Amino acid sequence: MAGDPRLRTPSRAVDKFDKKILSLIKDMKETLTAQKNPEGIGLAAPQIGKNIRIFLMMPDNNITVVANPVILSAKATPKAKTKTKLLEGCLSLPHYYGPLIRSDKVQIEYLNDMGQKIERTFTGLEAQIVQHEIDHLNGILFVDRLLEQKKPLYEHTHGEWEEVELT
Ligand code: ZN
């Protein structure tokens, strides 16, 4: 699954916000907003073939650009552990979903698209996106996490759900 080796390669940090990086961010914004069915709520640079530590998140109509993220703390409350109904998916693995458990509160430090250092805490869906996208920057896919957690993977095609073997 996910044969592109760039999805399996740890990405390198952004060292300066030059034209190249700004153009990459622009491409990523276009790719993310163009995603329909399913719509995208997050996109990491390796998903468009660039192994650079940048991701975008769009939980609503606003796009947040995150570069060089570092997780300062991550907490899974008992509520997070029982709330497995929200299926996680990935634009790079279309039509596959799984009931992954993520921390529901994540504090990170990162650079925004102007290179300014930001410290911010994300909760709920935003926390889930942050963890999913940081995994991408480390060459990890959500199906790997499903395997770790021994959770099922489902394929959604032609309006039907089918459990598929994870190998
Ligand atoms: Zn993904």
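Because the structure is predicted, anything quoted here is derived from the model rather than measured. The analysis underlying the following values was restricted to heavy atoms, covering all of them including side chains, and did not include hydrogens, waters or symmetry mates. All residue numbers in this chain count up from 1 along the given sequence.
Glu148 pairs by the side chain to side chain donor-acceptor pair (under 3.5 Å) definition with Arg145, not counting sequence neighbours. Glu160 pairs by the side-chain contact (heavy atoms from CB on, under 4.5 Å) definition with nothing, not counting sequence neighbours. Applying the side chain to side chain donor-acceptor pair (under 3.5 Å) test to Glu133 and every residue at least two apart in sequence or in another chain returns nothing. For Asp27, there are no salt bridge (Lys or Arg N to Asp or Glu O under 4.0 Å) partners two or more places apart in sequence or in a different chain. Taking Tyr154 as the reference, nothing meets the ring-ring contact (aromatic ring centres under 6.0 Å, His included) condition, with sequence neighbours excluded. Not counting sequence neighbours, His95 has no partner by the ring-ring contact (aromatic ring centres under 6.0 Å, His included) test. Under the rule for a side-chain contact (heavy atoms from CB on, under 4.5 Å), the partners of Gln116 that lie at least two apart in sequence or sit in another chain are Asn112, Met114. Qualifying salt bridge (Lys or Arg N to Asp or Glu O under 4.0 Å) partners for Glu155, counting only residues two or more places apart in sequence or in other chains: none. Under the rule for a side chain to side chain donor-acceptor pair (under 3.5 Å), Arg12 has no partner lying at least two apart in sequence or in another chain.
Residues Ile118 and Leu111 fail the side-chain proximity criterion, which asks for heavy atoms closer than 4.5 Å. For the pair Ile134 and Asn138, the minimum side-chain heavy-atom distance is below 4.5 Å. Between Lys16 and Ile21 the shortest side-chain heavy-atom distance does not fall below 4.5 Å. For the pair Val130/Ile108, a side-chain contact is recorded, criterion being any heavy-atom separation below 4.5 Å from C-beta on. Residues Ser11 and His136 form no side-chain contact, since every pair of their non-hydrogen atoms from C-beta on lies 4.5 Å or further apart.
Considering every non-hydrogen atom in both Ser103 and Ala74, the closest pair reads OG-CB, 3.7 Å. Contact between Pro46 and Leu137 at its shortest, heavy atoms only, is CD-CD2, 3.9 Å.
Listed for the Asp144 side chain is a donor-acceptor partner under 3.5 Å among the backbone atoms of Leu141.
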Margin query: Apply side chain to side chain contact (heavy atoms under 4.5 Å, CB included) to residues Asp104 and Thr123 and explain how you reach the verdict.
Written below: CA-CA 5 Å; Asp104 54 354; Thr123 57; over 6 Å; no
Exercise. Would Ser73 and Gln107 satisfy side chain to side chain contact (heavy atoms under 4.5 Å, CB included), going step by step from the backbone distance to the final call?
Worked result: CA-CA 5 Å; Ser73 74; Gln107 185 188 19; 3.5 Å; yes
| message | Assess the residue pair Arg120 and Tyr110 against the criterion (side chain to side chain contact (heavy atoms under 4.5 Å, CB included)); give the C-alpha distance rounded to whole Å, side-chain angles, the decisive distance to 0.1 Å, and a yes or no. | response | CA-CA 8 Å; Arg120 200 170 143 189; Tyr110 64 97; 3.8 Å; yes
Note to self: Run Leu24 and Ile48 through side chain to side chain contact (heavy atoms under 4.5 Å, CB included) and show every step you take.
What the structure shows: CA-CA 9 Å; Leu24 170 64; Ile48 61 162; 3.7 Å; yes
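Applying the salt bridge (Lys or Arg N to Asp or Glu O under 4.0 Å) test to residues at least two apart or on different chains, none of the pairs has a partner in residues 32-59. Residue pairs meeting the salt bridge (Lys or Arg N to Asp or Glu O under 4.0 Å) criterion with at least one member in residues 86-98, sequence neighbours excluded: Glu88-Arg102.
When hydrophobic clusters are built by joining Ile, Leu, Val, Met, Phe, Trp and Tyr residues whose side-chain heavy atoms come closer than 4.5 Å, directly or via intermediates, Leu32 is grouped together with Met28. The cluster map of Ile, Leu, Val, Met, Phe, Trp and Tyr, joined by side-chain heavy atoms under 4.5 Å apart, puts Val164 and Leu93 in the same cluster.
Note: Leu91 CG to Thr31 OG1 = 9.5 Å, rounded to the nearest 0.5 Å. Expressed to the nearest 0.5 Å, how far CG of Asp135 lies from CD1 of Ile140 amounts to 4.5 Å. Summarising the geometry, atom OH belonging to Tyr96 is positioned 13.0 Å from atom NE2 belonging to His156; distances are rounded to the nearest 0.5 Å. Here CG of Leu125 is found 11.5 Å from NE2 of His132. Values are rounded to the nearest 0.5 Å. Distance CZ/Phe142 to CD/Gln128: 10.5 Å, rounded to 0.5 Å. To the nearest 0.5 Å, the span separating CG on Leu146 from CG on Leu153 amounts to 6.0 Å.
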Can you give the donor-acceptor pairs under 3.5 Å from side chains of residues 54-70 to other protein atoms, not counting sequence neighbours?
{"residue": "Asp60", "atom": "OD1", "partner": "Asn62", "partner atom": "N", "Å": "2.8"}
{"residue": "Asn68", "atom": "OD1", "partner": "Val14", "partner atom": "N", "Å": "2.8"}
{"residue": "Asn68", "atom": "ND2", "partner": "Val14", "partner atom": "O", "Å": "3.0"}

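Remark: Asp18 does not engage Lys20 in a salt bridge, criterion side-chain N to carboxylate O under 4.0 Å.
Atom CD of Glu30 has more than 12 heavy atoms from other residues, nucleotides or ligands within 6.0 Å.
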